[in-house]
Amino acid sequence: TALPISMSEKETKEGNERIVEMDIARGCVQVLNPKSRSGERPKEFTFDAIYDWNSKQMDLYVETFQSIVESVLEGYNGTIFAYGQTGTGKTYTMEGIRNDAEQRGVIPNSFDHIFTHIARSHDQQYLVRASYLEIYLEQVRDLLSKDQKKRLELKERPDTGVYVKDLSSFVTKSVKEIEHVMNVGNQNRSVGRTNMNEHSSRSHAIFIITVECSETGADGENHIRVGKLNLVDLAGSERQSKTGSQGERFQEATKINLSLSALGNVIHALVDGKSSHVPYRDSKLTRLLEDSLGGNAKTVMVATIGPSDYNFEETLTTLRYIDWKWGDQLGKAFGIDMPIGLKR
């Protein structure tokens, strides 16, 4: 049976109705058009996994993200995207409440996973480095740099591929140290007030964890493997008319939407299998993540939606985006936004 979806206090007070139903066992999300005629069937979408407000953060991590982090520790590249409308729980899903073990999100759980693995390893030496960057109006900024006005360039080398010139990288030896790196970067992110959220992220942010492992092989030689985990917080995907975007905010929204479209086109080309050209160069985001989207890299996207009739268009757009662009060959996780009390 479909489970009820919790709405925020504001939505309830304003008389909004819930239009989303979920069947967790089938991985099915149903969305009813609030303007539909009586008897019209809701639109239905099926995903690898769906989660409602009763879901636990650790269940989400273990079922959907743990294998990505495990593959990074084995020397592969992995990417975790958070996508969806502003105010539907992206930050809660990715970060959660750090000092509450039950409500910690994907990022702190991945930190724990990595350093617990290292602590339990034998005859191996590890080096963990962290970088944090922002893509705002198609310009790249190092969130850990002392000079926050400096814009960085994307470069390419035959041996390493695309990289960000002069991007800071900090060696971290514990969960506490890597959390400090992230906290410093979070204070420098581009945020701005919109009608959708008073403190809305207006940029894509990528936290990059590089894990190097050195061990002696059966041949007596020293072998090094390197894995990279990209934790990507995508900017809000809502329509410009909803955000009240004007002037600078309108320009932000336009760039955000173009970048999200470019990401969708790249992923569609990868899963389609018929495209001879993958348009990585259409945006800074896709070009930077080129080595972590194709090949033997692992990718998952968690998308958040709002259950209210007020958000019908955005909810439908989000579902269609990940349903069409991602197909069946890449992992798709789906998260319903949490009650307002939990999002805080």
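In what follows, residues are counted from 1 in the order of the sequence shown.
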Step through the shown structure and confirm whether more than 12 heavy atoms of other residues, nucleotides or ligands are within 6.0 Å of CD on E40.
yes

Hey, is CD on Q125 packed in by over 12 heavy atoms from elsewhere, all under 6.0 Å?
no

Could you go through L60 and S55, starting from their C-alpha distance and side-chain angles, then the distance that decides it, and tell me whether this counts as side-chain contact (heavy atoms from CB on, under 4.5 Å)?
CA-CA 7 Å; L60 176 61; S55 302; 6.0 Å; no

Basic-acidic side-chain contact under 4.0 Å: E138, K284
no

Single-linkage hydrophobic cluster M58~I68, side-chain heavy atoms < 4.5 angstrom:
yes

Describe, in one word, how the ring planes of F111 and F207 are oriented to each other, choosing from parallel (under 30°), tilted (30 to 60°) and perpendicular (over 60°).
tilted

Closest approach of T286 to L263 (non-hydrogen atoms, all atoms of both residues):
CG2-CA, 3.5 Å

Name the residue from T304, T93, T318 that meets the side-chain hydrogen bond (donor to acceptor under 3.5 Å, both in side chains) definition with T88.
T304

Backbone N or O of D291 within a donor-acceptor pair of the N77 side chain at under 3.5 Å?
yes

Does NZ or CZ of R157 fall inside the cone over Y163's six-membered ring, less than 6.0 Å from its centre and within 45° of the axis?
yes

Salt-bridged, D23 to R26, with N to O below 4.0 Å?
yes

Check this for me: does any side-chain nitrogen of one of E215 and R225 sit under 4.0 Å from a carboxylate oxygen of the other?
yes

Taking all non-hydrogen atoms of both residues into account, name the closest pair between A262 and D282 and its distance.
CB-CB, 4.1 Å

Under a single-linkage definition using a 4.5 Å side-chain heavy-atom cutoff for Ile, Leu, Val, Met, Phe, Trp and Tyr, are V171 and V72 assigned to the same hydrophobic cluster?
no

Main-chain N/O of I118 paired to S121 side chain as donor or acceptor, under 3.5 Å
yes

Is the backbone N or O of C28 less than 3.5 Å from a side-chain atom of T46, with the two atoms forming a donor-acceptor pair by type?
no

A quick test of your reading: do over 12 heavy atoms of other residues, nucleotides or ligands sit less than 6.0 Å from OH of Y76?
no

Over 60° means perpendicular and under 30° means parallel, so tell me whether Y61 and F65 are parallel, tilted or perpendicular.
tilted

Has Y321 got a side-chain atom pairing as donor or acceptor with L260's backbone, closer than 3.5 angstrom?
yes

Do D123 side-chain atoms and T216 backbone N/O form a donor-acceptor pair below 3.5 Å?
no

Would you find more than 12 non-hydrogen atoms of other residues, nucleotides or ligands less than 6.0 Å from H223 atom NE2?
yes

R151, CZ atom: more than 12 neighbouring heavy atoms under 6.0 Å:
yes

